[in-house]
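What follows is a short report on a single structure.
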Amino acid sequence: MNETSAALEVRNIHKRFGGLEVLRGIDLRAGSGDVITLIGSSGSGKSTLLRCINLLEPPNEGEIIFDGESLALRRARDGTLVAADQQQITRLRAGVGFVFQNFNLWPHMTILENVIEAPRQVLGYSRDRAIADAESLLEKVGLADKRDGYPAFLSGGQQQRAAIARTLAMHPRVILFDEPTSALDPELVTEVLAVIRDLAEEGRTMLIVTHEMRFARDVSTQVVFLHEGRIEEQGPPSKVFESPESPRCREFLASHL
Amino acid sequence: MRWSVILENLPQLLHGAWLTLELVLVSGVLGLAIAVPMAIVRCSRFASVRAFPWVYIYFFRGTPLLVQIFLVYYGLGQSPWVRDSLLWPVLSQAYWCAIIAFTFNTSAYTAEILRGAIQAVPEGEVEAARALGMGRVVTWRRIVLPRAFRIALPAYSNEVILMLKGSALASTITLLDLTGMARTIIARTYTPLEIFLAAGVLYVLITFLILGGFRLVERRLNRHLRPRTGH
C-alpha cells in the first residue's frame with residue numbers, strides 16, 4: 001500500500017469527555033478494499049473513534065484524511081475541532097457511510113423513502129434514478145418486499161439491513177459500522193452479518209466495530225484492538241487472534257472467544 | 001322550559017357558531033404559522049437568540065387571554081399614533097382585534113408544544129441525517145419538523161379545543177360569536193337555561209368536528225406507528 005491508495009486515514013485522534021480522556025492518540029489507515037475491525041472492551045473508545053471520523057463527535061485533536069484530502073478543521077469555543085468547510089464535511093459524510101447500532105431509520109418514512117432521501121437531497125438525484133438505485137439495493141439486502149413498509153413494522157435485523165441499504169445508496173467509498181448487531185436478538189445477528197460479509201467480498205472499504213469475534217476473524221484484513229483509548233494490538237486476524245503480543249489483548253480474547 | 005325558543009332562534013345560534021368556528025380556524029392557522037419559526041428559534045444553541053421567543057411565549061402564556069383581548073381592543077385604540085396609522089381600519093374592528101389576540105395567544109402555546117416535540121425527536125434520527133451528509137436546513141425540513149409535527153399532534157388538538165372555549169371571550173368585545181349570540185337572544189327572551197343549553201350542545205358539536213378532523217390527520221400522518229394493541 002502506498003501513500004495515495006489510502007481511502008481513509010486518521011492521525012493522532014484525541015477525544016475527551018470532560019475530564020475523561022477516551023481517545024489518546026489514534027493513528028489508523030484504511031487502504032482501498034481494507035476491512036478493519038475494531039475490537040476491545042466497552043469503554044475502550046472504539047465507537048467514539050468511529051464517530052470522530054465523520055465528526056458526529058468532534059475530536060479534541062487530530063487530523064482526518066479522506067480520499068487524499070485533509071479535512072479542514074477549526075477549533076470551537078469548547079476546545080473541540082469542528083469542520084471549517086461545510087461543503088467539505090458534506091462531501092466526506094456523503095462518501096463515508098455510517099451504520100448505527102440502533103439503525104436510526106426515520107420512522108415516518110417507508111423503507112424506500114428512507115433509502116432515497118439522502119441521494120435525492122444530498123446528491124441531487126432525480127426521484128426515478130434514486131428509486132431505481134434503491135430497488136436494486138433493497139433486493140440485495142433481501143428487503144424488496146418491504147419497500148413500502150414502515151420501519152416499526154420490521155424486525156431489528158430487517159431494520160438494520162434497510163439502514164445498510166440507505167447507506168449504500170450514497171455510493172460511499174468507505175463504510176463505518178458501529179456495532180451493527182449489538183442491538184439485535186441473537187437469531188437476527190446472522191442475517192445482518194451475512195450482508196456485511198457480502199460487502200466485504202465485493203472489496204468495499206470498511207471499518208467495523210464489533211463484538212462478534214468469529215466474524216471479525218473471517219472478514220477482516222486487519223484487526224485493531226483498542227484499550228483505554230490507545231491501539232494496543234494491530235495486525236492481520238491470524239496474528240491478532242492467534243499470537244497477540246499484548247497481554248491485555250490475550251486476556252480480552254480469552255474472555256470473548 | 002320552553003323548548004320552542006331554541007328552534008325559533010336556531011338560525012341565529014348557528015350564525016354565532018359559524019363565527020366561533022371562523023375565529024378558531026383563522027387564528028389557528030395564523031397562530032401555527034407564527035409558532036413554527038418561533039419554536040425553531042426557541043431551540044437555538046445560542047441563548048441570545050432564544051431570548052426573544054422566550055419573552056414572547058412567557059408574556060402570552062403568563063397573562064389572561066381576556067386581558068390580551070382588552071389590550072388589543074381598548075388599549076391600542078387609546079394611542080393617537082395607532083388611530084392615525086394605516087392599520088386603524090383593521091384595528092378598529094372588533095373582529096380583527098379578536099383574531100389578533102387569539103393568534104398571538106395560540107401561537108405562544110403552540111410554539112411551546114412544538115418545542116417539546118422537536119426536543120422529543122430522537123437524537124439518533126438527526127445523527128443519521130448528518131451522517132448521510134444532509135445539511136442543517138434539509139435535516140430540519142425533512143426530518144426534524146415532520147417528526148415533530150407528528151409527535152405534537154395529540155397535544156396540539158388539545159390546544160385547538162382550548163382555543164375554541166377561549167373564543168367565547170370574543171363576546172366581551174361586542175362580537176356575536178356563539179356565546180355573544182346566546183347572550184343577545186337571552187336578553188330578549190329571558191330564557192337563559194334553554195339558550196345556554198343549546199349553545200353548549202353546539203360547542204360540543206364543534207369540538208367533535210375538530211377532534212374528527214384531527215383524527216383523520218393523525219390516521220394519515222401517524223400510520224407509521226405500530227398499533228399498541230396488536231390484532
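Residue numbering restarts at 1 for every chain, and letters A, B, ... go by the order of the sequence lines. Since we're looking at a predicted model, the values are computed, not measured. Any value given below was found using the heavy atoms of this structure, including those in side chains, with hydrogens, waters and symmetry copies removed.
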>> Looking at B:A128, is its backbone amide N or carbonyl O close enough to the side chain of A:N104 to form a donor-acceptor pair, meaning the two atoms are under 3.5 Å apart?
In response: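 Not at all, since once roles are kept as given, no pair shorter than 3.5 Å links the two residues.
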
> So, A:W106 side chain and B:I143 main chain: donor-acceptor pair closer than 3.5 Å or not?
Replying inline: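 A pair under 3.5 Å: no.
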
>> Quick check on the interface: out of B:P122, B:A129, B:A131, who has the most heavy-atom pairs with chain A under 4.5 Å?
In response: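 Maximum pair count with chain A is reached by B:A131.
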
> Of the listed residues (B:L132, B:V138, B:N222), which shares the most heavy-atom pairs with chain A below a 4.5 Å separation?
Replying inline: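 Heavy-atom pairs under 4.5 Å are most numerous for B:L132.
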
> Which region of B:R141, side chain (C-beta onward) or backbone (N, CA, C, O), has a non-hydrogen atom less than 4.5 Å from a non-hydrogen atom of chain A, or is it both or neither?
Replying inline: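 Answer is side chain: those atoms of B:R141 sit under 4.5 Å from chain A.
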
> Side chain, backbone, both or neither: which part of B:R130 has a heavy atom under 4.5 Å from chain A?
Replying inline: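 B:R130 touches chain A through backbone and side-chain heavy atoms alike.
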
> B:H224 and A:F153: which non-hydrogen atoms are nearest, and at how many Å?
Replying inline: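 Heavy atoms only, the tightest pair is O-CE1, 3.5 Å.
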
Please indicate whether [X] has more than 12 foreign heavy atoms, meaning atoms of other residues, nucleotides or ligands, lying under 6.0 Å from its [atom1].
X     : atom1 : result
B:R61 : CZ    : yes
A:R16 : CZ    : no
B:L86 : CG    : no
A:Q87 : CD    : no

> Between A:R91, A:Q121, A:M170, which shows the greatest number of heavy-atom pairs under 4.5 Å with chain B?
Replying inline: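 That would be A:Q121.
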
Can you tell me how far [atom2] of [Y] sits from [atom1] of [X], rounded to the nearest 0.5 angstrom?
X      : Y      : atom1 : atom2 : answer
B:E125 : A:F103 : CD    : CZ    : 12.5 Å
A:R120 : B:M134 : CZ    : CE    : 11.5 Å
A:M109 : B:R147 : CE    : CZ    : 10.0 Å
B:E127 : A:N102 : CD    : CG    : 10.0 Å
A:H108 : B:L225 : NE2   : CG    : 11.5 Å

Go through the atoms of [X] and report whether side chain, backbone, both or neither lie under 4.5 Å from a heavy atom of chain B.
X      : answer
A:V99  : neither
A:L105 : backbone
A:Q86  : neither

>> Strictly less than 4.5 Å between heavy atoms, which residues of residues 45-56 of chain A line up against chain B? Please order them by number.
In response: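 Heavy-atom contacts from residues 45-56 of chain A to chain B are A:R51, A:N54, A:L55, A:L56.
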
> Counting a contact as any heavy-atom pair under 4.5 Å apart, which residues of residues 122-150 of chain A contact chain B?
Replying inline: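 Listed by number, the contacting residues are A:V122, A:Y150.
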
